[in-house]
Structure formats: C-alpha cells, structure tokens
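To keep things clear, I will list the structure first and then write my remarks on it.
These numbers were taken from a predicted model, which means no experiment stands behind them.
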Amino acid sequence: MSNKHVPIVVPPPPLKFTLNEWHLTNRYRYRCSEAQQELAEQLISESQRVCESTTEKVRNNKEETDYRIKEKVEDIEFRKKELLRIRKEVLLETDALLIYKERIMDALSSVKRNALVICEKCLIFREHRLGIDLVRDDVEKELLKECEVIKGAENLLMRILEQTQEQIRRLKATLYYMDHELEDKDNNLRIDRHNLTLKENSLNLSIYHGTSRLDPSTIELNEWEMQTNNNIIAASKEVNSARPMRCYIDTAIRQVVDDLNEQKNITDDAFRRRIEETKETKIKLELQHSEIMRQANEMTQNITRIEKSIAEKERYLALAHTRLGNRCQRPGLELTRDLVEINLVKEVYDLREVVSKLQATLFEAQASLRYLLKTQIQIEEDINVKMNTLKIDEVDCMTLRQTMDYHAY
C-alpha cells in the first residue's frame, strides 16, 4: 500500500451580512416579540373572560337543571300521591266487592243447597200420599211454583256473581297497571333525588366516552303525563262502576229474598189450609166412624132380636104342627074339620107368613150390617189415609220447611 498524502478540505467562509441587514433583523425580532406579547395578553384577557362567562353559564345551567329536577320530583310526587289516592279507592272497592261476592255465594249456596232441596224433598214426600189424597192440590201447585222461583233466583244470583267477578277482575287489572307505574315512579324518584344530591365536586363522577347517546329517551312528556292520567281515569271509571254495582247487588239480593219469602209464605199458607182441611175431613170421618159403629152395634142387636123372634115363632109353628099331627090320629068320625082344626091351620099359615117376613127382615138387617161393616172399614182406611197425609204435610214437610231461612245474607 502506497503512502500517498490525503488533501485537507477547508470549508468556505460564512456569508457576511451587512449592518443594515443586522438592524433590520433586530427590528423584526422586536416587532414579532411585541406582537406575540400583545397576542398573549389578549388571549389571557379573553381566556379570563371566557372562564368567567362559562363559569356563570355552567353555574346557571346547573341551577336550572337542579330546579328542573326538583320540579320533576315534585311532579312525580304529586302524580304518585294522586295514584296512591285513587289506588286506595280501588282497593276499598275491591275489598267491598269481595265481601259482596261472599254474600252472593252464601245466598246462592243457601238457595241451591237448602231451599231447592227442601222443596224437592217435600214434593217427593207428598208422592207417598195414599189413595184419593194423592191429588194435585194447591200445595203441589205452589211447591212447583216455588221450585221455579228458586231456580230463577239461582240463575239471577249466578249472573250477578259473574258480573261481580268480572268487575273484581277489572279492578285488580287496574291495580296491576297502577302498581307497575308506581314502581316506575319510585325508581324515577330515587334516581332524580340522588341526582339532586350530586355536586360538581362529588366523588365517583365520571365522563362518558362511549358512542351511544346520552339521551336515549323516546317517550314524549305529554305521553308520560297521559299515562298517569289514563291510569287515574281508568281507575276512577272502574271505581264509579263498582259503587253502583254494590247498590245493584244489595237491591237484587233484597228482591230475591223478598220473592223467595213471599212464595215461601204462599206455599206455607197452602200447606196450613190443606192441613186444616185434612184435619176437618178426618174429624168428620171419625164422627162418621163412631156413628157407623153405633149403628152396627144396634144392627147386630137387632139381628139378634129378629133371630130370637124367629126362633120363638118357629116354636109356635112347631106347636101348631104338632097339634095338627096329633089330631090326625083321631078315630073315625072324630076326624072332623072342626073349628080347632080350622084355627090351627090358620095359625100355621099366619105363623109361616110371620116367619117369612121376619126372615126377609133378617136378610135385610144382615145385608145392612155387612154394608155398615164395609163402610166402617172404608172409613177406617180413609182415616188412615188422612193420618198419613197429615204426617207427610204437617210433620215431614212443615218441619223441614222451618229450616228454610231467607235473609239479606
């Protein structure tokens, strides 16, 4: 490798400025510095003004927001108070209607399980009347009518019960919507009351850096107001419907009870008249029975007298026959038709006629006795029939009907 000498590169001398350029440059620096200072002072002044003005605006905005929140809280509290007021009325009407529902069910149960069963049992009892007493009388007609009145009352009470249950359902539905709104109002109050307690220097404040909207509300204020108004109007409507319904139920139950009591009294009166009529007939039959027995006894004694009289007449006839027979034994010319024989023959004919009449009288007396005894048996049977009827009507039916109790429930 050769040892060649490397040349040294010398830089060119710096450019020289003129004195005029030096003065111009300095004056430019001064002007720039003064302009920056002036701009800085303006910026400081403007910044101070902006800070002061924005502070006032922020404070005013916060005060306005606080006022609006308080206003909203008061509005919510007022609406909540109105909802609670009407809710109390709805609850009172619901409780009252539930009591009325129990009254209707008690009345329905009494009519269905007590009154109708009693009437039907009375009809069944009266089917066991005997003979001629098994008649379609006023009692049976009124019992059948009473069954129809009871069934009509049952149908009416069933309709009223269904209407009452529907009204209770509507009241409970109104309560459900009101409770749902009250729950939302409570949550809203909790949120806004908490917002009122927050200050700009409170802890746990944060700035939202998300992309979703900070005002996702889609419900307009008038819609919010209308919701409460609609719930209050709906609740008032149901309360106003429930109150006259209670009056209607009172009137209906009272009318049903009056109709049932009226028909019950009519049926009971028919029973009493029929019982009295049956008793009178029974007494007359018993008097007839006593008279028949007396006549039967007299006829029996009469038959005994007739039979005794026939026996006596037959002895006289036997005497006359014996005498005639004895006189037939007379000898020769002594066997003459004298006055004795004529008289004996006449006596025999007379006795035969008397005995024949007595026997005819005896036959008539015996026939009359048989008729009297037959009539006595028939009367005894009729008396037993009447006693059976009285037992059914007076003991079985009327005792059972005493348990029929219609009241206003």
Side-chain angles (χ1 to χ4, degrees), residues 64-109 154-198 208 210 212-256 408-409:
E64 178 69 17
T65 301
D66 288 345
Y67 174 77
R68 294 300 179 187
I69 292 177
K70 289 178 182 178
E71 190 177 51
K72 182 68 173 180
V73 167
E74 290 174 357
D75 192 10
I76 295 173
E77 287 176 342
F78 173 77
R79 292 176 180 276
K80 180 183 174 184
K81 183 179 178 181
E82 288 297 303
L83 284 169
L84 288 173
R85 179 186 62 80
I86 195 69
R87 182 182 185 276
K88 183 178 180 181
E89 293 183 12
V90 172
L91 275 176
L92 289 174
E93 285 303 319
T94 303
D95 292 341
L97 272 184
L98 286 172
I99 294 173
Y100 272 71
K101 176 186 173 183
E102 292 298 322
R103 288 179 57 196
I104 298 170
M105 293 178 68
D106 290 342
L108 191 59
S109 177
E154 180 185 339
N155 292 333
L156 176 60
L157 290 173
M158 281 296 297
R159 289 198 302 272
I160 296 174
L161 179 62
E162 291 172 359
Q163 293 171 1
T164 304
Q165 289 173 333
E166 174 61 18
Q167 185 61 56
I168 291 172
R169 184 196 66 78
R170 290 165 61 180
L171 285 169
K172 287 184 176 180
T174 302
L175 273 177
Y176 170 80
Y177 290 118
M178 293 176 69
D179 288 342
H180 184 68
E181 183 178 356
L182 283 169
E183 184 180 357
D184 291 344
K185 292 281 186 291
D186 284 335
N187 289 330
N188 197 351
L189 279 174
R190 178 179 54 79
I191 292 170
D192 279 348
R193 283 171 180 166
H194 175 66
N195 281 337
L196 276 177
T197 64
L198 293 177
Y208 179 67
S212 300
R213 293 180 57 181
L214 281 171
D215 56 342
S217 304
T218 59
I219 306 298
E220 296 295 332
L221 181 60
N222 63 336
E223 295 181 50
W224 178 80
E225 292 173 346
M226 285 300 297
Q227 179 188 14
T228 302
N229 293 340
N230 289 338
N231 277 337
I232 291 175
I233 290 172
S236 299
K237 180 181 176 182
E238 296 305 331
V239 169
N240 292 333
S241 297
R243 285 171 180 167
M245 174 166 279
R246 286 192 286 128
C247 294
Y248 168 67
I249 293 171
D250 276 330
T251 304
I253 290 180
R254 193 180 305 112
Q255 186 62 50
V256 165
Y409 301 96

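Atoms NE2 and CG, on H180 and D184 in that order, are 4.5 Å from each other to the nearest 0.5 Å. Between the CG atom of D75 and the NZ atom of K72 there is a distance of 6.0 Å, given to the nearest 0.5 Å. Taking CG of N187 as the start and CD1 of I76 as the end, the distance is 10.5 Å to the nearest 0.5 Å. Taken from CE in M105 to CE in M158, the straight-line distance is 9.5 Å, to the nearest 0.5 Å. Separating the OG1 atom in T164 from the CZ atom in R103 is a distance of 10.5 Å, to the nearest 0.5 Å. Taking CG of L196 as the reference point, atom OH of Y67 lies at 13.0 Å (rounded to 0.5 Å).
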**Report entry** Worked verdict on R193 versus L189 for side chain to side chain contact (heavy atoms under 4.5 Å, CB included)
**Finding:** CA-CA 6 Å; R193 283 171 180 166; L189 279 174; 3.9 Å; yes

Report task. Test side chain to side chain contact (heavy atoms under 4.5 Å, CB included) on M245 and Y100 and set out the steps. Result -> CA-CA 10 Å; M245 174 166 279; Y100 272 71; over 6 Å; no

Query - Stepwise side chain to side chain contact (heavy atoms under 4.5 Å, CB included) check, T228 with K185 - result: CA-CA 10 Å; T228 302; K185 292 281 186 291; 3.4 Å; yes

Requested in this report: Start with the C-alpha distance between L97 and I249, add both sets of side-chain angles, then the distance that settles side chain to side chain contact (heavy atoms under 4.5 Å, CB included), and finish with yes or no.
Outcome: CA-CA 10 Å; L97 272 184; I249 293 171; 4.3 Å; yes

Query raised in the report: Hey, mind stepping through K80 and E77 against salt bridge (charged side-chain N to carboxylate O under 4.0 Å, His left out) and telling me if it holds?
Result: CA-CA 5 Å; K80 180 183 174 184; E77 287 176 342; over 6 Å; no

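Between E89 and R85, at least one side-chain N (NZ, or NE/NH1/NH2) sits under 4.0 Å from a carboxylate O, which counts as a salt bridge. Salt-bridge annotation for R246 and D250: absent, with no side-chain N of the basic residue lying under 4.0 Å from a carboxylate O of the acidic one. Between E74 and K70 no salt bridge is recorded (no basic side-chain N to carboxylate O distance below 4.0 Å). Ionic pairing of E71 and R68 is present here: one or more N-O contacts between side-chain nitrogen and carboxylate oxygen are shorter than 4.0 angstrom. A salt bridge does not link E82 to R79: none of the charged nitrogens lies less than 4.0 Å from a carboxylate oxygen.
When each of V256, I99, I160 is tested with I104 by the rule side-chain contact (heavy atoms from CB on, under 4.5 Å), just one qualifies, namely I160.
L182 is listed as a side-chain neighbour of D179, based on a closest heavy-atom distance under 4.5 Å.
Of the N and O atoms on the side chains of Q167 and S241, not one donor lies less than 3.5 Å from an acceptor on the other residue.
Across all non-hydrogen atoms, the minimal contact from L83 to I86 is O-CG2, 3.2 Å. Pairing each heavy atom of R87 with each of L175, the nearest pair is CG-CD2, 3.6 Å.
Side-chain N or O atoms of T94 include one that pairs as donor or acceptor with a backbone N or O of V90 at under 3.5 Å.
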